[in-house]
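The structure under discussion appears below in the form of structure tokens.
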Amino acid sequence: MSDINVKLGEKEFKIGPLTIRQQRDLRVSDATVPKDDGAGGWTNIYDLCIKTIAIAIREDHPGMSEEDLWKLQTSEEQIAEARSQILVHAGFRTPDHPTIAEPRATVAAEQLPNRELI
């Protein structure tokens, strides 16, 4: 997995290969569906984008917190582009369709011998 560079305002963040924890946290974040917050879901969409970026940069930029990201001056386009780049980098999207989720693999309960479903 090669590195990517994500730009937010005047800051550029180099993101290297993702750890297993980052992969898991990004998958959970990617599966989150924004709920109606009374503002058409926009508050939750911003929260989701910033959380995705924070997860992706935390290993390579430990001094940059999620709260620090909120203080950056950037555009909606850069925020959305950063999230798309990260999800492609994680393998959850394709470069041709960075905003469309790839089908997730599912396993039927009967295919899991000797395992209990939680």
Checklist entry - Run the side chain to side chain contact (heavy atoms under 4.5 Å, CB included) check on Leu48 and Arg83 step by step: do they pass? => result CA-CA 9 Å; Leu48 181 61; Arg83 183 170 187 271; 3.7 Å; yes
Checklist entry - Is the side chain of Glu66 donor-acceptor paired with the backbone N or O of Ala54 at a distance under 3.5 Å, no angle test? => result no
Checklist entry - With a 4.5 Å limit on heavy-atom distance, are the side chains of Ile20 and Gln23 in contact? => result no
Next on the checklist: I need the Thr19 OG1 to Gln22 CD distance, nearest 0.5 Å.
Outcome noted: 3.5 Å
Checklist outcome for this item: CD (Glu81) and CD1 (Ile79) are apart, to the nearest 0.5 Å, by 12.0 Å
Checklist entry - Could you give all pairs that pass the ring-ring contact (aromatic ring centres under 6.0 Å, His included) test and reach residues 64-87, with sequence neighbours left out? => result none
Checklist entry - Is Gln78 reaching over with its side chain to a backbone N or O of Gly9, donor-acceptor style, under 3.5 angstrom? => result yes
Item to check | Considering all heavy atoms, the nearest Ala56-Ile15 contact | outcome: O-CG2, 3.4 Å
Item to check | Candidate pair Val6 and Ile4, rule side chain to side chain contact (heavy atoms under 4.5 Å, CB included), full reasoning | outcome: CA-CA 7 Å; Val6 171; Ile4 62 167; 3.9 Å; yes
Next on the checklist: Working to the nearest 0.5 angstrom, can you tell me the gap between Ser84 OG and Phe92 CZ?
Outcome noted: 13.5 Å
Checklist outcome for this item: Nearest heavy-atom approach of Gly16 to Asp60 is N-OD2, 2.8 Å
Checklist entry - Got a sec, which residues hit salt bridge (charged side-chain N to carboxylate O under 4.0 Å, His left out) with Lys14, two or more places apart in sequence or on another chain? => result Asp3
Checklist entry - For Arg24, does the CZ atom have more than 12 heavy-atom neighbours from other residues, nucleotides or ligands under 6.0 Å away? => result yes
Checklist entry - Among Leu8, Ile53, Ile57, whose side-chain contact (heavy atoms from CB on, under 4.5 Å) with Met64 holds? => result Ile57
Checklist entry - For Thr52 and Cys49, what are the C-alpha separation, side-chain angles and deciding distance, and is it a side chain to side chain contact (heavy atoms under 4.5 Å, CB included)? => result CA-CA 5 Å; Thr52 298; Cys49 288; 5.7 Å; no
Checklist entry - Taking only residues at least two apart or on different chains, which pairs with a member in residues 4-13 satisfy salt bridge (Lys or Arg N to Asp or Glu O under 4.0 Å)? => result none
Next on the checklist: Is any side-chain heavy atom of Phe13 closer than 4.5 Å to one of Asn5?
Outcome noted: no
Checklist entry - Looking at side-chain heavy atoms only, is the closest gap between Leu26 and Ile86 below 4.5 Å? => result yes
Checklist entry - Within the distance-only criterion (no hydrogens, no angle test), does the side chain of Asp30 pair as donor or acceptor with the backbone N or O of Arg27 below 3.5 angstrom? => result no
Checklist entry - Are any of the side-chain nitrogens in Asp25 or Lys51 under 4.0 Å away from the carboxylate oxygens of its partner? => result no
